[in-house]
Structure formats: C-alpha cells, structure tokens
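Written below as structure tokens is the structure these notes are about.
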Amino acid sequence: MRDAAALSALTTDQYELTMAASHFAQGRTATATFDLFVRRLPPERRFLIMAGLADALTYLQNLHFTDTDIEFLRSLGQFDDAFLEHLNTLRFTGDVWAIPEGEIVFPEEPLVRVTAPLIEAQIVETALLTFIGHQTAIASKAARVALACGDRQFVDFAARRTHGPEAALSGARSAYLAGAAGTSNVLAGKTYGIPLSGTMAHSYVMSYDDEREAFRAFARDFPTASTLLIDTYDTLQGARNVVQVAHELAAEGIRVQGVRLDSGNLAALSREVRDILDHGGLTDVRIVASSDLDEHRIADLLQAGAPIDAFGVGTQMGVAADAPAMSAVYKLAEYDGRPVQKLSPGKRSLPGLKQVWRVERDGVLVGDTIGAADEDGIEGRPMLQQAIRSGCVVDGEAQGTAGLAAARERCAAGLASLPRRLRALGRSEDPAPVTLSPRLASLGTREA
C-alpha cells in the first residue's frame with residue numbers, strides 16, 4: 001500500500017468496535033497477545049513467503065482515530081461518550097514480534113505476534129490481515145514463478161488486472177520481493193525503487209500504416225531500450241521486419257534489444273523467431289514472452305526447450321489466480337497472563353506466547369518447530385524477531401527500500417534452501433515440515 005500511515009483506523013470490522021466498547025465498559029484492559037497465522041496451505045502451495053509486514057508496521061505506528069472518525073461513530077448511536085473519548089486518544093503502545101519479510105513460512109506458524117492492551121490489540125485485526133494476507137498470497141505466487149523461471153528473468157505485468165490500484169502497488173512490491181526483476185507499474189518504481197520495464201502495446205503498432213515504420217520510430221525514440229512487439233499481424237513476418245529495421249538502424253548506432261511474443265504457440269513461435277533473428281545476424285536480440293503466463297506454463301515452455309530469455313507475468317500472478325486468498329486468521333493466544341486456545345473443529349489455535357525455530361543443514365531447510373516463546377532446548381534459529389517495542393518500530397529501515405532489498409535477498413536464499421519436494425510445482429498431500437514442541441503439544445488450556 002502506498003500510504004499505510006494514512007490508513008483510517010476505521011479500516012476495521014464493526015464487531016471489533018462493539019467488542020472494544022464492551023471490553024471498555026467491563027474494564028477489561030489487561031494485556032492481550034494475538035497471533036496472526038495461516039491455517040492451511042492452498043492445494044498448490046507447499047510453502048508461503050512472508051510479506052506485508054512493512055505496511056503493517058507503518059499502520060500500527062500511525063494508528064489513530066481522527067475527529068471525523070469519532071463524529072461518524074457517534075452518529076451511529078451505538079457508542080457512549082466515554083468510549084468515544086477513549087478511541088480519540090487511542091494509539092498503539094504495544095509490542096510486535098514477526099517473521100521478517102521474505103522468509104519461507106508454513107501453516108500454523110505465528111507470522112505476527114501482537115501484545116498490547118486488549119482494545120489496542122483487538123481493533124487492528126482487520127487491517128493486519130489485509131496487509132499480511134494479500135501480500136503473502138502474491139509473494140508466494142511470485143516465488144513459484146521464480147522457481148519455474150530458474151535463471152531466466154520475469155517481470156511483473158499485472159497492474160491492469162489486479163483488484164484496484166492499491167493491490168497493484170503492493171502486488172508489485174510483493175512480486176519484486178519474491179524474485180521479479182522489475183515491474184511495469186510506474187508508481188511502484190517511484191514508491192519502492194523497483195526497476196521499471198515496458199515495451200509497447202499493439203495499439204502503437206496499429207497506429208502506423210506499416211509495422212516497420214512503427215518499429216523504426218520506437219527504436220529511434222528509445223535507442224538503448226527498445227523491445228519490439230512482433231505479433232500484431234503475423235509473428236514471423238514481424239520478426240523478419242525487425243531484422244530489416246535493425247540493419248537499417250545499425251548505421252545510426254541504434255541497436256534493437258529485444259522482441260516480444262504475446263500470443264499463439266509460444267514454444268513453436270519462439271523457436272521460429274529465434275531462427276529468423278539468428279539468420280539475420282541478430283543473435284544478441286532477446287525474446288520476451290507474455291500472454292497469461294503462470295509458473296506451470298513457464299515450466300512447460302522451458303521444459304520444451306523454448307528459447308525464451310524473459311517472461312512478462314500478469315494476471316495469474318497479480319491476483320494469485322489459483323489461490324487468491326490465504327486462510328489467514330488473527331486469534332487470541334493469551335489474556336492477562338492466561339494462555340487461551342480456540343478448540344472449534346477445523347479451526348483450532350495454539351495457546352500462549354510462541355516462537356518458531358528453523359533447522360537448516362548444509363544449506364537445506366529441514367523443518368520448523370513451534371514452541372513456547374520461553375522454551376529452552378529447541379534446535380534451530382528463532383524466526384520471530386521484535387519489530388515494535390512499546391509502540392515504536394525497532395528498525396525503521398525495514399519499511400523502506402533497504403528493507404525491501406533485504407527481504408528480496410532473504411527470499412532468494414530461502415528458495416535456494418528448499419528441498420526438492422518443497423520446490424515442486426504440482427499439488428501435494430504431504431504435510432508441511434512443521435512440528436509442535438512437546439511442551440506446546442501437551443499444554444492444556446481453557447477454550448477462548
């Protein structure tokens with residue numbers, strides 16, 4: 001999201017406010033801890049990529065109700081003046097522990113742990129779920145695209161197909177975090193420092209009487225960054241036209257960098273286009289492919305030996321089409337020093353303050369253990385790190401471009417550490433490599 005700091009505190013569900021009003025009336029203001037986690041993996045996911053934390057921290061740091069927010073709530077006739085005055089002065093004063101962005105994560109693991117006075121911790125649920133849930137979904141899809149591409153680059157082309165401009169913006173950030181080389185979204189380039197990438201649309205070619213004239217004009221206007229779209233009329237003739245234009249413009253010191261295929265049988269066409277370009281002396285001109293690509297189509301193309309150098313990936317990644325929503329939830333784990341647990345069938349939660357420990361051997365991820373936060377003797381490195389202390393962000397750089405770069409490096413390292421079974425793109429019935437510590441597994445609590 002471009003401006004999480006400006007997000008209204010009214011970005012919450014109605015029942016958060018009615019619960020908060022009741023807690024206030026009953027004097028229930030003790031410290032509470034909530035866990036944000038994903039209940040289960042979608043069918044085609046074997047892991048997830050943590051994302052959305054930067055926006056979540058910015059939102060918490062700037063949480064407040066404006067005067068107009070309070071007046072709106074007063075107009076509903078549901079809340080008394082004492083509660084509204086409490087909201088008018090409410091700020092987030094608690095602590096947040098979280099798994100850093102870019103890390104591999106699994107179901108049931110607390111991705112974010114919020115500890116604060118009950119009303120503060122409760123009222124932020126909706127916003128935190130939107131930040132973490134959406135961006136984790138997009139980053140996880142983009143990570144699969146990265147695995148399929150291997151050493152080939154892919155670029156985010158999704159802006160026009162996402163569910164609104166803010167989703168396009170945060171989606172571009174999530175895709176870049178997970179391995180995209182760049183984005184077509186200009187605002188994402190400005191906001192996050194993501195490299196921009198773009199070619200031309202068919203309308204550009206169609207606006208000229210002759211395809212070759214379109215190619216000449218564009219290459220002259222962008223002599224160091226021209227990728228020509230060659231499938232507007234006839235792809236193979238388009239490739240021949242590129243050869244002709246490239247030789248004409250070489251005398252002017254202009255070099256065509258690439259061609260793009262956006263329709264048809266991409267495997268067959270890419271081979272034929274490569275042959276035309278090579279025979280025309282354009283062995284260094286790259287082939288870029290787009291057209292409703294996802295990780296499966298890319299893997300199939302590369303398996304078939306398609307000589308494609310880079311991919312533009314849009315709709316399927318931008319909306320995480322095969323898994324557009326995570327089963328992300330935000331559940332009370334402790335209140336006033338008492339661990340609590342939800343026992344609803346299929347919706348259980350884990351009690352108390354928790355930590356996640358990860359074991360890696362010889363650079364390969366072995367598995368995670370969820371245990372009590374103060375539990376000793378668990379092998380591995382602790383994953384949850386403190387992100388906010390007493391309402392203040394611990395590491396401000398985590399929210400900026402430096403934080404995005406670090407998250408991108410973490411994600412690349414995490415993907416490289418995945419064992420073969422977790423890197424596979426097909427569906428799997430295998431359980432996630434997560435276990436509970438003996439203490440956590442045996443901890444008996446009352447139902448929340």
Side-chain angles (χ1 to χ4, degrees), residues 1 38-52 104-107 129-150 152-185 188 194 197-198 201 260-267 288-304 306 308 310-329 411 415 418 422-429 432:
M1 181 171 178
V38 174
R39 278 202 179 106
R40 63 190 67 86
L41 288 174
E44 288 202 352
R45 300 291 182 273
R46 301 180 183 220
F47 62 89
L48 301 173
I49 300 295
M50 175 63 177
I104 305 286
V105 293
F106 298 102
L129 285 171
T130 62
F131 289 132
I132 304 298
H134 172 251
Q135 295 183 47
T136 293
I138 304 304
S140 301
K141 181 67 170 180
R144 289 167 57 84
V145 174
L147 289 174
C149 286
R152 316 289 174 96
Q153 290 187 336
F154 72 100
V155 174
D156 162 46
F157 277 8
R160 64 188 58 199
R161 298 290 175 80
T162 59
H163 298 158
E166 293 294 357
L169 189 62
S170 60
R173 181 184 185 276
S174 301
Y176 182 68
L177 180 157
T183 181
S184 65
N185 189 325
I194 300 173
S197 178
R260 178 161 71 98
L261 310 178
D262 190 50
S263 60
N265 184 328
L266 296 178
V288 179
S290 52
S291 186
D292 209 27
L293 298 176
D294 66 4
E295 66 270 36
H296 299 292
R297 289 196 66 197
I298 291 171
D300 289 345
L301 286 167
L302 296 180
Q303 180 67 28
I308 297 171
F311 299 92
V313 186
T315 305
Q316 299 298 316
M317 182 175 70
V319 299
D322 60 341
M326 297 288 101
S327 58
V329 293
C411 185
L415 293 178
L418 290 174
L422 296 181
R423 296 172 63 87
L425 299 178
R427 293 187 174 218
S428 173
E429 301 299 327

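S197 and V155 get closest at one heavy-atom pair: CB-CG1, 3.7 Å. The two residues A188 and T183 make their nearest non-hydrogen contact at CB-CG2, 4.1 Å. Of all the heavy atoms in L41 and P107, the pair that sits closest is CG-CG, 3.4 Å. Between S140 and I49, the shortest heavy-atom contact is OG-N, 2.9 Å. Across every non-hydrogen atom of A178 and A143, the tightest pair is CB-N, 3.7 Å. In plain terms, the two heavy atoms of A299 and L425 that are nearest each other are CB-CD1, 4.0 Å.
The environment of E44 atom CD is dense: over 12 non-hydrogen atoms of other residues, nucleotides or ligands sit within 6.0 angstrom.
Salt-bridge check for D322 with K141: passed, with a basic side-chain N closer than 4.0 Å to an acidic carboxylate O.
One distance of note links CG of L422 with CD1 of I104; it measures 8.5 Å at 0.5 Å rounding.
Looking at heavy atoms from C-beta onward, L261 lies out of side-chain contact with I308 at the 4.5 angstrom threshold. Under the 4.5 Å side-chain criterion, counting only non-hydrogen atoms from C-beta, F157 is not in contact with L293. Between V313 and I298, some side-chain heavy-atom pair lies under the 4.5 Å cut-off.
At a cut-off of 3.5 Å, with distance as the only test, a side-chain donor of R161 or T315 sits close to an acceptor on the other residue. For Q316 and H296, the side-chain atoms include no donor-acceptor pair closer than 3.5 Å.
Between the R297 side chain and the S291 main chain, a donor and an acceptor come within less than 3.5 Å of each other. Using a distance-only test at 3.5 Å, with no hydrogens or angles considered, no donor-acceptor pair links the side chain of R260 to the main chain of F311. Of the possible donor and acceptor atoms, none in the side chain of T162 sits under 3.5 Å from a partner among the backbone N and O of A167. The closest donor-acceptor contact from the side chain of R423 to the backbone of L415 lies under 3.5 Å.
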Worksheet item: After noting the C-alpha distance and the side-chain angles of L147 and E295, does the key distance pass the side-chain contact (heavy atoms from CB on, under 4.5 Å) rule?
Response: CA-CA 8 Å; L147 289 174; E295 66 270 36; over 6 Å; no
